[in-house]
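For reference, the structure is listed below as structure tokens.
Excluded from the calculations below are hydrogen atoms, water molecules and symmetry mates; all remaining heavy atoms, backbone and side chain alike, are included.
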Amino acid sequence: RHTRSFHVTGVQTCALPIFDALPATIPQIRAYTTGPDIGGSPGHGDFAVVGDFDDLDGCRAYLTHPDHVAAVAETLAPIIATRIALQIAR
């Protein structure tokens, strides 16, 4: 599972449509959720992406896939203030 949380300087929902489209073009994605923070507690990130993959190689394929790289460059890179990323396995 690959998880990223972002604090952004702009409107976080601008990134949702392009990221929501990635499972259709990146076959390594098994499950994928994106969305803004719903305001449960102060200090949380503004926007998160959670992707499930069969293994770390699948996650790496996603991270380097041209559609993912373009999505980050076009929507998130200009507005990211901070990010936290991690990969976990169970």
Is the ring pair F6/F47 parallel, tilted or perpendicular, if the boundaries are 30 and 60 degrees?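 If you compare the ring of F6 with that of F47, the planes turn out tilted.
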Indicate yes or no for a side-chain donor-acceptor contact from T75 to the backbone of V72 under 3.5 Å, with no hydrogens or angles considered. no
Verify, without hydrogens or angle tests, whether H2 (side chain) and G51 (backbone) share a donor-acceptor contact under 3.5 angstrom.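 Checked: no pair found.
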[atom2] on [Y] to [atom1] on [X], rounded to 0.5 Å:
| X | Y | atom1 | atom2 | value |
| --- | --- | --- | --- | --- |
| R1 | D52 | CZ | CG | 4.0 Å |
| D46 | R83 | CG | CZ | 15.5 Å |
| T34 | I18 | OG1 | CD1 | 11.5 Å |
| Q87 | T3 | CD | OG1 | 8.0 Å |

Closest approach of [X] to [Y] (non-hydrogen atoms, all atoms of both residues):
| X | Y | value |
| --- | --- | --- |
| G45 | S5 | CA-OG, 3.5 Å |
| Q28 | G58 | CB-O, 3.6 Å |
| H7 | H44 | CE1-O, 3.0 Å |
| P78 | A73 | CD-O, 3.6 Å |

Please tell me if the side chains of H68 and L63 come closer than 4.5 Å, counting only heavy atoms from C-beta onward.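 Yes, at least one pair of side-chain atoms sits under 4.5 Å.
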Does any non-hydrogen side-chain atom of T25 lie less than 4.5 Å from one of D67? yes
Heavy atoms of other groups near R30 CZ, more than 12 under 6.0 Å: yes
Around atom CD1 of I84, are there more than 12 heavy atoms of other residues, nucleotides or ligands at under 6.0 Å? no
Counting the benzene-type ring for Trp, do F53 and Y32 have ring centres under 6.0 Å apart? no
